[in-house]
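Note that the numbering runs from 1 along the sequence shown for the chain. One-based numbering, in listed order, for ligands and for the atoms of each. What's counted below: heavy atoms across the whole structure, side chains too, no hydrogens, waters or symmetry copies.
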Amino acid sequence: MPGTEAPARTVLISGASIAGPALAYWLHRHGFAVTVVERAPELRTGGYKVDIRGVAVEVADRMGILDDIQAAGTDMRTGTYVNGAGKRIATLPADIFGARLDRDDEIMRGDLARILHAHTRSGVEYVFGDSITSLTPTAPGGGVTVTFERGVPRDFDIVVGADGVHSTVRRLAFGPEEQFSRHLGSYIAAFSLPNTFGLDREELYHALPGKLACVYSSAGDPAAKGLLCFRSPRLTYDHRDVPRQLALLESAFAGDGWEIPRLLRAAREAPDFYFDAMHLIEMDRWSRGRVVLLGDAAHCASPASGQGTGMALVGAYVLAGELAAADGDPSAAFARYEAEMRGYVAVNHETAQKFAKEMMAATWREIRFRHLMMRMLPHMPWKNLIARKIAEDVQRAAGALALKDHPAPAPLTPAAGPPYAA
Ligand SMILES: Cc1cc2nc3c(=O)[nH]c(=O)nc-3n(C[C@H](O)[C@H](O)[C@H](O)COP(=O)(O)OP(=O)(O)OC[C@H]3O[C@@H](n4cnc5c(N)ncnc54)[C@H](O)[C@@H]3O)c2cc1C
C-alpha cells in the first residue's frame, strides 16, 4: 500500500550504459546512495551514432552535460549511395542530410557513455565485471536481498534494471524475455574499423534487396564505423554468443559486393562488435515490488526509432525525480514514473515500427526508385519542405512528454583525470 513502506535510500542499478549512469546521476543529486553493477569488465564504448532529441535535449541541459554532448557531436555532413562497384549514385545534399530542428544533437553512443560515467563516478559506486543472480524481498515493505555472480550478497532498498534489451533484472523479476519481445523483422551489426575509405564526416550506403551496408567517419574519430543490417525472421542464438552472431552476419551477406567482404572481416576483428535484432520490448508494467525497469530493459524501441538513448535519458530523469518527490516511497514513485512515460514510449514505438519497415528496400526495383528520388531531390523546389516534414515526424515523437521540475541540489563535479576516461 502506498505510503506504508520504509522510504528508499539505497539503490542498486544493473547496467552502466546510458540509462543506468543517467539515473545514478539524478539519484545521487537527490541524496540517494547509488551502486551501479555492470557485467562488462569496463565501460563499453562501442556502438553507432545516436540522437538526442526533443525532451532528451532538455534533460541533458538540466544535467549540465549538453555542452559536452555538443562538443563531442558527430558533425556529419553528407550521405552518399554507392553501387556494387563503389560508384557514387546519389548524394544527399548537406542541407537535407543534416536537416534538424532546434532540439537535435547527434553523438557516438560510446562518447555519451563516457560523458555520463565521468559525471557520476566521483559520487557513485561502480562495480564492473559482475551481474545479479537473484532478487529476494527482505520483508514485506522492506528492501531486496541481491546475490551476485562474484560479489557477496547485499541488501538494497530498490533495484533498477537498466541492463538493456536482454535485461537480467527483467528476467528475474518478470520472467523470460520472449513474452515481452516483438521482432521487427531485421538485424543490425555495428563495429569500428580503420578509416581506409578516406571518409571525413561522410556516410556511404550500399543498398541490396532487404539489406543495407554503411560506413562512415564522424568528427574527431580516426576510426570509421561499419553498419550491416538485414531483414530476417527471428533467428535463434544466444545474445552473448559473438561467434554465432558473426556467422549469422556472414551468411546473410555471403557473396555480396562493394566493400562488404572487407566490412565482414572488420566485424570479425573489431573490439566493439555489436549485434542485435530490431525488436520492441512491450510490457504492461515496469515495476514489481521494489524492482523497477528503465531504458531498453523496460521499453526498447529498437535502433529503428532513433530514440532509445533519448528515452533512456528522459526515463532516468523522471524516475529519479519521482522517487525524490515521493520521499523514497517506491510504490507512489513507480506509479507516477509509468504514468508520465507511457504515452511518450507508445508514440516512439509507433515510429519505430514505421521506420523499421522503410529502412531497407525489399527489391532492386525499389532500390532504383529510391536512388532516382534522391538524385532528383536537390532539384525539387519543395526539397526543404520534404526534409522538414521528415524531421518534424521524428521531432513529434521526441517531444511527446512534458518534463516536470524536480529541483535537485548542485550537480556533481566531473571526475578528475583524462577527459571521459573509463
Ligand atoms: C556496446 C553497445 C553498443 C550499442 N550500439 C548501438 C547502436 O549501434 N545503435 C543503436 O541504436 N543502439 C545501440 N546500443 C543500444 C543503445 O545504447 C540503447 O538502445 C539505448 O542507449 C538505451 O540504453 P540502455 O542504457 O537502456 O541500454 P543499453 O545501452 O543496452 O545498456 C545496457 C547495459 O547493461 C549491461 N548489462 C547487460 N546485462 C547485464 C547484467 N546482467 N548485469 C549488469 N550489466 C548488464 C550492458 O553491458 C550495457 O552496458 C548499443 C548498446 C551497447 C551496450
Side-chain angles (χ1 to χ4, degrees), residues 12-24 35-52 56 74 106-114 116-117 126-135 146-151 159-172 177 184 186-192 214 216 218 225-229 239-240 242 267 270-281 286 293-316 319 345 348 352 355-356 359 422:
L12 173 66
I13 300 170
S14 175
S17 173
I18 307 300
L23 179 69
T35 301
V36 180
V37 60
E38 163 63 47
R39 186 197 284 281
E42 58 192 15
L43 198 68
R44 297 176 67 187
T45 53
Y48 220 61
K49 44 189 162 56
V50 293
D51 290 287
I52 317 284
T74 57
E106 189 177 71
I107 184 170
M108 297 306 296
R109 194 209 72 90
D111 287 340
L112 180 59
R114 284 195 194 94
L116 290 168
H117 185 236
Y126 275 92
V127 180
F128 285 93
D130 210 346
S131 172
I132 296 172
T133 49
S134 74
L135 301 166
V146 183
T147 60
F148 299 91
E149 281 176 6
R150 290 163 175 258
V159 176
V160 183
D163 41 3
V165 65
H166 307 295
S167 169
T168 295
V169 171
R170 188 183 58 227
R171 176 173 52 76
L172 293 172
E177 179 176 322
L184 295 182
S186 50
Y187 286 80
I188 176 170
F191 47 88
S192 297
C214 312
Y216 75 88
S218 60
K225 298 283 176 192
L227 183 80
L228 293 167
C229 304
H239 70 267
R240 286 198 275 156
V242 172
D272 57 358
F273 178 72
Y274 169 81
F275 180 89
D276 215 329
M278 301 251 192
H279 49 194
L280 303 182
I281 293 293
W286 297 329
L293 302 175
L294 177 70
D296 277 8
H299 48 64
C300 176
S302 88
S305 74
Q307 273 286 100
T309 301
M311 286 201 287
L313 289 176
V314 172
L319 178 56
V345 167
N348 283 289
F355 288 169
M359 208 171 141

If you take the nearest heavy atom of each of [options], which one is closest to [atom]?
atom                    : options                : result
atom 27 (O) of ligand 1 : G161, G164, C300, A316 : G164
atom 40 (C) of ligand 1 : S131, A16, S302        : S131
atom 47 (O) of ligand 1 : E38, R170, R39         : E38
atom 36 (N) of ligand 1 : V127, I18, D163        : D163

TODO: Could you list the residues that satisfy salt bridge (charged side-chain N to carboxylate O under 4.0 Å, His left out) with D130, not counting sequence neighbours?
DONE: none

Open item on the list: R44: which residues meet the salt bridge (charged side-chain N to carboxylate O under 4.0 Å, His left out) condition with it, sequence neighbours left out?
Closed with: none

TODO: Determine whether any heavy atom of S14 lies closer than 4.0 Å to an atom of ligand 1.
DONE: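 Right, S14 reaches ligand 1.
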
Contacting atoms of ligand 1, where contact means under 4.0 angstrom from a heavy atom of [X]:
X    : value
A190 : 8 (O)
T309 : 20 (C), 21 (O)
G295 : 26 (O)
V37  : 43 (C), 44 (N)

Open item on the list: So, regarding G20 and ligand 1 (criterion: nitrogen or oxygen to nitrogen or oxygen, under 3.5 Å), is there a contact or not?
Closed with: no

[X] side-chain N/O to [Y] backbone N/O, donor-acceptor pair under 3.5 Å:
X    : Y    : result
R150 : G129 : yes
R170 : A298 : no
T133 : T147 : yes
Y216 : K49  : yes

Considering non-hydrogen atoms of the protein only, which is the closest contact for [atom], and what is the distance?
atom                    : result
atom 33 (C) of ligand 1 : S17 CB, 3.7 Å
atom 9 (N) of ligand 1  : Y48 CB, 4.1 Å
atom 5 (N) of ligand 1  : G47 CA, 3.2 Å

TODO: Ignoring hydrogens and angles, state whether a donor on the side chain of S192 or D272 is under 3.5 Å from an acceptor on the partner side chain.
DONE: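 Indeed, the side chains of S192 and D272 share at least one donor-acceptor pair under 3.5 Å.
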
- [ ] Starting from the C-alpha separation in whole Å, work towards a yes-or-no answer on side-chain contact (heavy atoms from CB on, under 4.5 Å) for F275 and I188.
- [x] CA-CA 6 Å; F275 180 89; I188 176 170; over 6 Å; no

TODO: Could you tell me whether R171 and D163 have a side-chain N and a carboxylate O separated by less than 4.0 Å?
DONE: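 Between D163 and R171 there is no salt bridge, as every charged N stays at least 4.0 Å from the carboxylate O atoms.
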
Task: Region of M311 engaging ligand 1 - heavy atom pairs below 4.0 Å - done: neither

- [ ] May I ask you to identify, for Y274, whether its side chain, its backbone, both or neither come under 4.0 Å of ligand 1 on a heavy-atom basis?
- [x]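 Side chain only.
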
TODO: Over 60° means perpendicular and under 30° means parallel, so classify the ring planes of H166 and H239, tilted if in between.
DONE: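 Ring orientation, 0 to 90° scale: parallel.
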
